[in-house]
There are 2 protein chains.
Amino acid sequence: MPPVPEAAISATADEIREAALEQFARDGYSSTSMRDIASSVGIKAASLYNHFGSKEAILWDLTLTAFEELLRGRDLAIANLPVDPTPQDRLACLVTSHVAFHARNSNQALLVNSQLAALSKTHYRKAVAMRAQYEATMRQVIDEGVAKDVFTTIDARVTTFAILQMGMAVSAWFRPEGPLTVADLCTIYVDLAAKMLTPLPLKC
Amino acid sequence: MPPVPEAAISATADEIREAALEQFARDGYSSTSMRDIASSVGIKAASLYNHFGSKEAILWDLTLTAFEELLRGRDLAIANLPVDPTPQDRLACLVTSHVAFHARNSNQALLVNSQLAALSKTHYRKAVAMRAQYEATMRQVIDEGVAKDVFTTIDARVTTFAILQMGMAVSAWFRPEGPLTVADLCTIYVDLAAKMLTPLPLKC
DNA sequence: CTGCTACACTAACGAGCGTTAGTTAAAGTA
DNA sequence: TACTTTAACTAACGCTCGTTAGTGTAGCAG
């Protein structure tokens, strides 16, 4: 009896991850069967259990990796900020890493944004905590800008949701073979987010 | 043998609609069983077939109703516009009806925004067409504003998606018992959308 | 060469799924 | 009062699901 692997590391395990990620993102967790995943990899369903302890373990593995990459992208962007960054700098940096992630890793993004409910209660709680921590980063930047009087907003919480959500939606429609590059997309969303936090110009 | 009802009209049918809508929105179509729906109504699964021909028929019934209400809200808002409305008037009107629908009918909104894939191919195509028609209304208003030089945008298509999406997300988090009223919410999103389409003020 | 490990397989279990057939009881109509 | 309709029920069908048990085999370590 092979010990139930905590986090499988092998070429086959990676093929399983890849196939499961694509199908979970496209069809949803509960509409994807172990037999579906196995057949994408070219093995039988029972063989999946040589690599992952359960179907939910695959989802959790993928979810953890997705969150790690999301947070890593954010941290990398923050690390590349100029010294003494303005709130505008910080906002542009966060929106760029946010949108770039959702454009480049659409399957991971779809998993994180709409398949968390399929996790076990314990894993779900951890995932929600990670998401809350990620969202808090955006909120802090907005609050900082408001405190320094460079941002204006009716409601900082709602504006945070709005900025995060318009970026998340990118994963649902953006295709790299389309007319826009990821860089184009980031420029557009940074512009939108900046405007959302700037007072409307008075007629003068 | 009762004829398979096209669109059932009875108190029980309405209870089924209500229970199915809530569970489809909360747990997803494929995670909700006919036995789940039946038990919410207080009957057995087989009795559901006295009112609807299949599980998908329930989803399609709910989807059609949701789209009808969404479009009706939009048309009502448009009908109440002042004579010779400006693009800003039109934008505010559309954003208000959009956000109000997603705040007040969150279950219907979640259905329309994330359960279409569970429909049969024929019904799916019709639903996507209705959604496209709805989205086109917003796009037209933005294009009109750009043509009249009262709106500025890097990319009208992406901005349309962004405005629609930040409103759709409302259905996922807004609770009427929270600190904000629906009217508050509409005000906030109208403000955000207007700013998104207005040029950043130059320092002067 | 021997033995162990890794990883595939077949077969099957029990549970749950959407759905159908056939039955029964109550309500409405002639 | 008799007949029809409505809408509930029980029972079961065939299927798919996640998962487990047990088996075979190739490759590597001693």
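A, B, ... follow the sequence lines: proteins, then strands. Residue 1 opens every chain.
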Quick one: [X] [atom1] to [N] [atom2], roughly how many Å, whole number?
{"X": "B:Glu56", "N": "C:dT19", "atom1": "CD", "atom2": "C1'", "result": "15 Å"}
{"X": "A:Leu48", "N": "D:dT20", "atom1": "CG", "atom2": "C1'", "result": "14 Å"}
{"X": "B:Gln23", "N": "C:dC17", "atom1": "CD", "atom2": "P", "result": "11 Å"}
{"X": "A:Tyr49", "N": "C:dA12", "atom1": "OH", "atom2": "P", "result": "19 Å"}
{"X": "B:Lys44", "N": "C:dT24", "atom1": "NZ", "atom2": "P", "result": "18 Å"}
{"X": "B:Ile43", "N": "D:dC9", "atom1": "CD1", "atom2": "P", "result": "6 Å"}
{"X": "A:Ile58", "N": "D:dG18", "atom1": "CD1", "atom2": "C1'", "result": "11 Å"}
{"X": "A:Ile37", "N": "D:dT19", "atom1": "CD1", "atom2": "C1'", "result": "13 Å"}

Phosphate OP1/OP2 of [N]: any [X] side-chain N/O under 4.0 Å:
{"X": "B:Thr12", "N": "D:dA8", "result": "yes"}
{"X": "A:His51", "N": "C:dA8", "result": "yes"}
{"X": "A:Lys55", "N": "D:dG18", "result": "yes"}

Q.
Regarding B:Thr187 and B:Asp184, do their side chains bring together a donor and an acceptor under 3.5 Å, going by distance alone?
A. no
Q: Taking only the side-chain heavy atoms of A:Ser33 (C-beta and beyond), determine which of D:dC17, C:dC9, C:dT19 contains the nearest atom.
A: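 Per side-chain heavy atoms of A:Ser33, the pick is D:dC17.
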**Q.** Nearest to side-chain heavy atoms of A:Ser54, which nucleotide of D:dT19, C:dT10, D:dC9
**A.**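 Taking heavy atoms from C-beta onward, the closest nucleotide is D:dT19.
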Q: Quick one: label B:Ser47 by what it contacts on the DNA or RNA (base, sugar-phosphate, nothing), any heavy atom closer than 4.0 Å.
A: base
Q.
Applying a 4.0 Å non-hydrogen cut-off, can you work out what B:Thr32 is touching in the nucleic acid: base, sugar-phosphate, or nothing?
A.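 Counting heavy atoms under 4.0 Å across all strands, the contact made by B:Thr32 is with sugar-phosphate only.
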Q: Indicate, yes or no, whether a donor-acceptor pair under 3.5 Å links the base of C:dG18 to the side chain of B:Arg35.
A: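 Side chain to base: pair present.
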Q) With distance as the sole criterion, do the side chain of B:Asn50 and the base of D:dA8 form a donor-acceptor contact below 3.5 Å? A) yes
In Å, rounded to the nearest 0.5 Å, how long is the span from [atom1] of [X] to [atom2] of [Y]?
{"X": "B:Phe101", "Y": "B:Met168", "atom1": "CZ", "atom2": "CE", "result": "10.5 Å"}
{"X": "B:Thr96", "Y": "B:Asn80", "atom1": "OG1", "atom2": "CG", "result": "11.5 Å"}
{"X": "A:Thr65", "Y": "A:Leu21", "atom1": "OG1", "atom2": "CG", "result": "9.0 Å"}

Q. Centre of B:Tyr29's six-membered ring, under 6.0 Å away, within 45 degrees of the axis: is that where NZ or CZ of B:Lys55 sits?
A. yes
